[in-house]
Trainee: 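For reference, the structure I am asking about is given below.
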Protein chains: 2
Amino acid sequence: MRSDRFGDRLARAVAGRESQLVLGLDPDPVRLWPAAVADPGNGSVAERAGEAVAAHCRLVLAATAEHCVGVKLQVACFERLGAPGWTALAGVIAEAQGLGLLVICDGKRGDIDVSARAYAQAYFGSTPTPFGPVPGLGADALTVNPLLGLDSLAPLAEIGRAAGSGLFVLVRTSNPGAGDIQDLVLSAGQTVSDRLAGLVRTLGGEPGGSGLSDIGAVTGATAPQHLERLREAMPTSPFLLPGVGAQGGRVQDLAAAFAPGPGGGLVSSSRGIVFASETAGGEPARAAAGEAARLRELAWQVSH
Amino acid sequence: MRSDRFGDRLARAVAGRESQLVLGLDPDPVRLWPAAVADPGNGSVAERAGEAVAAHCRLVLAATAEHCVGVKLQVACFERLGAPGWTALAGVIAEAQGLGLLVICDGKRGDIDVSARAYAQAYFGSTPTPFGPVPGLGADALTVNPLLGLDSLAPLAEIGRAAGSGLFVLVRTSNPGAGDIQDLVLSAGQTVSDRLAGLVRTLGGEPGGSGLSDIGAVTGATAPQHLERLREAMPTSPFLLPGVGAQGGRVQDLAAAFAPGPGGGLVSSSRGIVFASETAGGEPARAAAGEAARLRELAWQVSH
């Protein structure tokens with residue numbers, strides 16, 4: 001069990017590693033680094049795919065971890081491989097934490113209280129059974145979907161907190177369709193996103209010694225025009241900023257996120273790092289390391 | 001590959017089985033039917049828990065399937081057991097489909113397009129890999145969260161449709177906190193739920209021969225005051241109505257759901273059926289069958 005709060009752990013990790021870069025891993029089995037599929041073993045098709053996905057993630061982590069403070073794992077990419085995918089996910093989490101990275105599971109979970117509690121057991125806690133407890137994934141943070149309201153988030157916050165882990169609540173996502181619901185204007189004048197930000201602030205309460213809350217927000221890097229307003233609404237929440245690179249977001253536009261300090265913003269890039277060799281040429285590992293170093297430096301400058 | 005659309009399959013199943021009852025399974029390893037934990041096998045703790053959960057689901061299905069048209073599986077309850085939980089989920093799906101039931105995976109998934117496609121592969125399609133395709137779970141339907149907008153739902157609808165499967169989009173959920181976001185009033189006068197209903201209608205397009213769309217909506221049975229308005233907004237969508245029983249919803253209040261025909265509403269009850277013996281007394285299986293028969297009859301009356 002970790003002894004302090006996620007916001008404080010995050011602030012310390014960012015300061016210690018001098019990085020706000022989060023490596024996004026959303027492995028597609030037909031687009032893995034070649035070395036990852038070289039030795040697939042003798043298992044079933046799903047087992048071989050799970051092994052290859054895990055090997056790919058290990059290779060990308062080995063190439064880039066020194067430049068990163070965390071890794072964001074797209075749960076869907078593991079889930080689609082069934083039980084072997086889940087085994088791969090657990091293995092990649094252990095590998096990343098062994099490299100000193102914070103692990104954010106990008107699952108966008110959200111459900112009514114009793115089911116939210118089950119998700120919290122899956123990602124942060126453990127599940128009591130007649131045979132003993134089944135440990136969860138031990139993630140440092142989980143992305144969560146707040147459409148079901150505060151009572152759907154509370155069990156995740158509570159069980160996460162008990163484990164020193166945190167949440168990143170979807171507030172303004174990076175995709176083009178985000179505006180369909182999140183940008184709707186309410187009769188009170190705010191947008192739906194503003195109201196989601198209010199839930200984040202309520203749930204976060206008082207931050208720990210670092211000034212960073214353990215309840216963060218997902219605020220896509222593709223729509224930086226919202227960042228100042230959202231930072232005002234959530235002054236102590238870490239912002240997870242996906243969408244840099246392939247989705248079009250630019251690190252230079254994210255300064256508002258860093259108002260509470262260098263740990264206030266986590267810049268996440270997935271395909272831009274993993275497939276850097278497709279534009280930069282050269283070995284996948286060397287190109288990925290180069291792009292990660294570049295993004296890390298850029299974010300550090302913008303935040304200071 | 002199924003040859004017709006989910007809405008038509010649903011209408012036919014409801015007519016054939018004379019039931020709109022959906023058994024909800026959200027197995028808690030410390031609250032399983034006693035017979036399910038009698039023979040746990042020799043695996044790891046998680047494997048024994050997964051076996052016990054699957055055994056429990058098989059027992060409940062055997063007791064109640066004749067009264068049901070479908071089963072709703074709470075994915076969180078399997079996910080928290082890791083890989084063995086995923087194996088259990090796949091087994092329960094096969095068991096339920098073997099009994100002629102439609103399987104609704106209650107996962108409330110939702111993500112940006114590329115990740116939504118991965119979830120669609122997990123539940124409806126298959127994932128191409130260098131070693132061959134990895135089949136997904138083959139669910140008949142999945143609950144999805146629309147906070148990320150239309151482009152996040154489209155890949156799920158498309159891949160689901162190709163498999164003859166459907167979606168149930170969260171529109172107005174059954175929990176107390178649902179009002180925090182879903183009931184907010186927009187400057188245009190509608191609520192957020194009304195706007196979500198608009199997405200459902202857009203995504204659904206023209207229904208098949210039965211008049212039922214393959215894009216349904218989750219409209220909690222605990223807030224029947226919204227049903228008439230939502231039925232008007234989504235005239236051809238099947239409504240999944242969770243919250244009957246333990247959460248306080250009453251079948252008698254759900255008539256508006258059935259406007260497009262008997263398949264227009266699916267009444268879902270979980271703990272009310274599974275733990276019926278705790279109030280009715282007697283064997284768990286006999287009490288569950290009795291409660292399922294009662295709810296089935298009640299819904300059939302309300303819909304005719």
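Below, read A as the first sequence line, B as the second, and so on, with proteins coming before strands; counting in each chain starts at 1.
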Trainee: I need the residue from P176(B), S44(B), C77(B) with the largest number of non-hydrogen atom pairs under 4.5 Å to chain A.
Mentor: P176(B)
Trainee: D26(A) versus chain B, heavy atoms under 4.5 Å apart: side chain, backbone, both or neither?
Mentor: neither
Trainee: Considering only heavy atoms and a distance below 4.5 Å, find which of G136(A), G149(A), S187(A) pairs most often with chain B.
Mentor: S187(A)
Trainee: Counting only heavy atoms closer than 4.5 Å, note whether A90(B) contacts chain A via side chain, backbone, both or neither.
Mentor: neither
Trainee: Given a strict heavy-atom distance threshold of 4.5 Å, which part of A52(A) is in contact with chain B: side chain, backbone, both, or neither?
Mentor: side chain
Trainee: For R109(B), is it the side chain, the backbone, both, or neither that has a heavy atom closer than 4.5 Å to a heavy atom of chain A?
Mentor: side chain
Trainee: I need the residue from E79(A), R172(A), Q121(A) with the largest number of non-hydrogen atom pairs under 4.5 Å to chain B.
Mentor: E79(A)
Trainee: At their closest point, which heavy atom of V30(B) faces which heavy atom of P130(A), and how far apart are they?
Mentor: CG1-N, 4.4 Å
Trainee: Using non-hydrogen atoms and a 4.5 Å limit, figure out which bit of Q190(A) sits close to chain B: side chain, backbone, both or neither.
Mentor: neither
Trainee: Measure T127(B) against the heavy atoms of chain A and call it side chain, backbone, both or neither at under 4.5 Å.
Mentor: side chain
Trainee: Spell out, as yes or no, whether a donor-acceptor pair under 3.5 Å connects the side chain of N175(A) to the backbone of L148(B).
Mentor: yes
Trainee: State, to 0.1 Å, how close S115(A) and A76(B) come at their nearest heavy-atom pair, and which atoms those are.
Mentor: O-CB, 3.7 Å
Trainee: Please name the residue in the list D180(B), L196(B), T173(B) that meets the side-chain contact (heavy atoms from CB on, under 4.5 Å) test with L147(A).
Mentor: L196(B)
Trainee: Can you tell me if Q247(B) has over 12 outside heavy atoms packed within less than 6.0 Å of its CD?
Mentor: yes
Trainee: Can you say whether L89(B) sits under 4.5 Å from chain A via the side chain, the backbone, both, or neither, judging by heavy atoms?
Mentor: neither
Trainee: Going through the checks in order, is the side-chain contact (heavy atoms from CB on, under 4.5 Å) test met by Q74(A) and V114(B)?
Mentor: CA-CA 10 Å; Q74(A) 173 49 255; V114(B) 60; over 6 Å; no
Trainee: Please find the pair of heavy atoms, one from P146(A) and one from I181(B), that lie closest to each other, and give the distance.
Mentor: O-CG1, 3.9 Å
Trainee: Looking only at non-hydrogen atoms, find the nearest pair between F131(A) and V45(B) and report the distance.
Mentor: O-CG2, 3.5 Å
Trainee: When heavy-atom pairs shorter than 4.5 Å are enumerated against chain A, which of G82(B), G132(B), A178(B) gives the highest number?
Mentor: G82(B)
Trainee: Under 3.5 Å, side chain of N145(A) to main-chain N/O of G110(B), donor-acceptor pair present?
Mentor: no
Trainee: If you tally heavy-atom pairs under 4.5 Å against chain A, which of I112(B), L81(B), V185(B) wins?
Mentor: V185(B)
Trainee: Evaluate side-chain contact (heavy atoms from CB on, under 4.5 Å) for R195(B) paired with L184(A), printing each intermediate quantity in order.
Mentor: CA-CA 9 Å; R195(B) 200 57 80 96; L184(A) 291 175; 3.4 Å; yes
Trainee: Verify side-chain contact (heavy atoms from CB on, under 4.5 Å) between T87(A) and W86(B), making sure each step is shown before the conclusion.
Mentor: CA-CA 10 Å; T87(A) 300; W86(B) 219 258; over 6 Å; no
Trainee: Between P133(A) and chain B, with a heavy-atom cut-off of 4.5 Å, which part of the residue counts as in contact: side chain, backbone, both or neither?
Mentor: backbone
